[in-house]
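Numbers here are sequence positions counted from 1. Not measured: the values here are computed from a predicted model.
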Amino acid sequence: MNDQPPPPSDKKPGRRGAPRKRPAAKRATKTKGAEATVATGAATVTEAESATRDVARDAATAVADVSNALTNGGGGAEATGETAKKNAGAGDRRGRASRRDTVRDGALPTAVAGAATDAPAAPATADAAPPSAAPMKQIDLRPGELIRVPLSVRWRDLDAFNHVNNSKYLSYLEEARLRWMLSVPGMGMDDNVAPVVAASNLNYRRPIEWPGDVVIELFVERLGGSSITIGHRIVDANEPRALYCDGNVVMVWIDRTTGRSAPLPDEVRKACS
């Protein structure tokens with residue numbers, strides 16, 4: 001065992017980990033600085049709130065002045081409008097950001113937007129509504145006619161020569177035949193038989209121009225066992241002697257299953273007699 005004492009150390013004895021005390025003067029200075037910062041922040045917030053209230057008050061005054069100007073009208077409206085502009089300008093100088101927030105949040109009514117154009121928007125009237133389509137005029141039939149259908153020429157019916165294209169004549173005739181078939185019980189067809197167009201004959205007499213109105217006349221030329229030949233004429237609605245087209249169409253009733261001709265339905269035969 002070693003009974004010798006430990007060698008002397010070069011380090012001076014002291015207290016390890018003991019907190020160091022800050023002088024009282026420095027602590028007091030830091031505390032006072034924090035209190036001053038808090039006071040300055042409170043003053044800044046107070047000034048911001050005051051500026052916001054001023055802007056809101058000036059905006060409300062401007063709105064009231066503009067509303068009075070719109071209500072009174074005349075020269076007083078111009079003078080009041082100038083006062084409103086001055087008030088609004090003063091509020092804008094104190095806080096542009098706050099005024100933008102006020103407008104964005106909807107504090108200013110729609111009357112301000114109307115004042116920029118010097119006149120409020122005119123309300124919609126009943127005259128502005130689009131006209132409703134007129135009902136199709138009924139035309140008395142002549143002896144031997146099946147139907148007379150008035151139609152208006154459409155702009156899209158024209159071709160490069162600015163008159164109705166020849167293919168549109170077929171569409172006019174098809175429309176007239178379908179109108180006639182609507183007057184036949186069951187439209188002249190059922191689950192077993194139906195009509196098809198077997199032949200078309202069109203004689204183009206004169207061009208149809210736009211704008212204009214025409215009348216399609218249909219009549220029976222021949223009544224067979226399974227078919228009918230329907231004659232047609234396209235004339236001017238205002239001048240019936242102006243003939244645009246004539247000819248005929250052969251319609252044959254067929255069996256839906258076999259595709260062969262079928263007897264003419266009694267309803268169609270009665271409608272043609």
Minimum side-chain heavy-atom gap M187-P195 below 4.5 Å = no
Following the transitive rule for hydrophobic clusters with a side-chain heavy-atom cut-off under 4.5 Å over Ile, Leu, Val, Met, Phe, Trp and Tyr, establish whether [X] and [Y] coincide in one cluster.
| X | Y | answer |
| --- | --- | --- |
| V193 | M189 | yes |
| I147 | I216 | yes |
| M181 | V197 | yes |
| L202 | L178 | no |
| V250 | L218 | no |

request  = Starting from the C-alpha separation in whole Å, work towards a yes-or-no answer on side-chain contact (heavy atoms from CB on, under 4.5 Å) for Y172 and V149.
outcome  = CA-CA 9 Å; Y172 293 170; V149 179; over 6 Å; no
note = Quick note, salt bridge (Lys or Arg N to Asp or Glu O under 4.0 Å) partners involving residues 260-273, not counting sequence neighbours, are none
When rounded to the nearest 0.5 angstrom, what distance separates [atom1] in [X] from [atom2] in [Y]?
| X | Y | atom1 | atom2 | answer |
| --- | --- | --- | --- | --- |
| S167 | D159 | OG | CG | 8.5 Å |
| D236 | I208 | CG | CD1 | 9.0 Å |
| W155 | N162 | CH2 | CG | 6.0 Å |
| E217 | R148 | CD | CZ | 4.5 Å |
| C272 | I230 | SG | CD1 | 6.5 Å |
| L151 | L173 | CG | CG | 9.5 Å |

Locate the shortest heavy-atom distance separating [X] from [Y]; write the atom from each residue and the value.
| X | Y | value |
| --- | --- | --- |
| A271 | V184 | CB-CG2, 3.9 Å |
| G188 | V268 | CA-CG2, 3.6 Å |
| Y169 | R206 | OH-O, 3.3 Å |
| V252 | A198 | CG2-CB, 3.7 Å |
| D213 | V153 | N-CG2, 4.5 Å |

query = Heavy-atom count around E221 CD within 6.0 Å, excluding the residue itself: above 12?
reply = yes
query = Taking W210 for the side chain and D157 for the main chain, is one N or O donor matched with an acceptor at less than 3.5 Å?
reply = no
query = Are the side chain of R205 and the backbone N or O of V235 linked by a donor-acceptor pair below 3.5 Å?
reply = no
key: Verdict with reasoning, Y244 to V164, per side-chain contact (heavy atoms from CB on, under 4.5 Å)   = CA-CA 11 Å; Y244 296 115; V164 175; over 6 Å; no
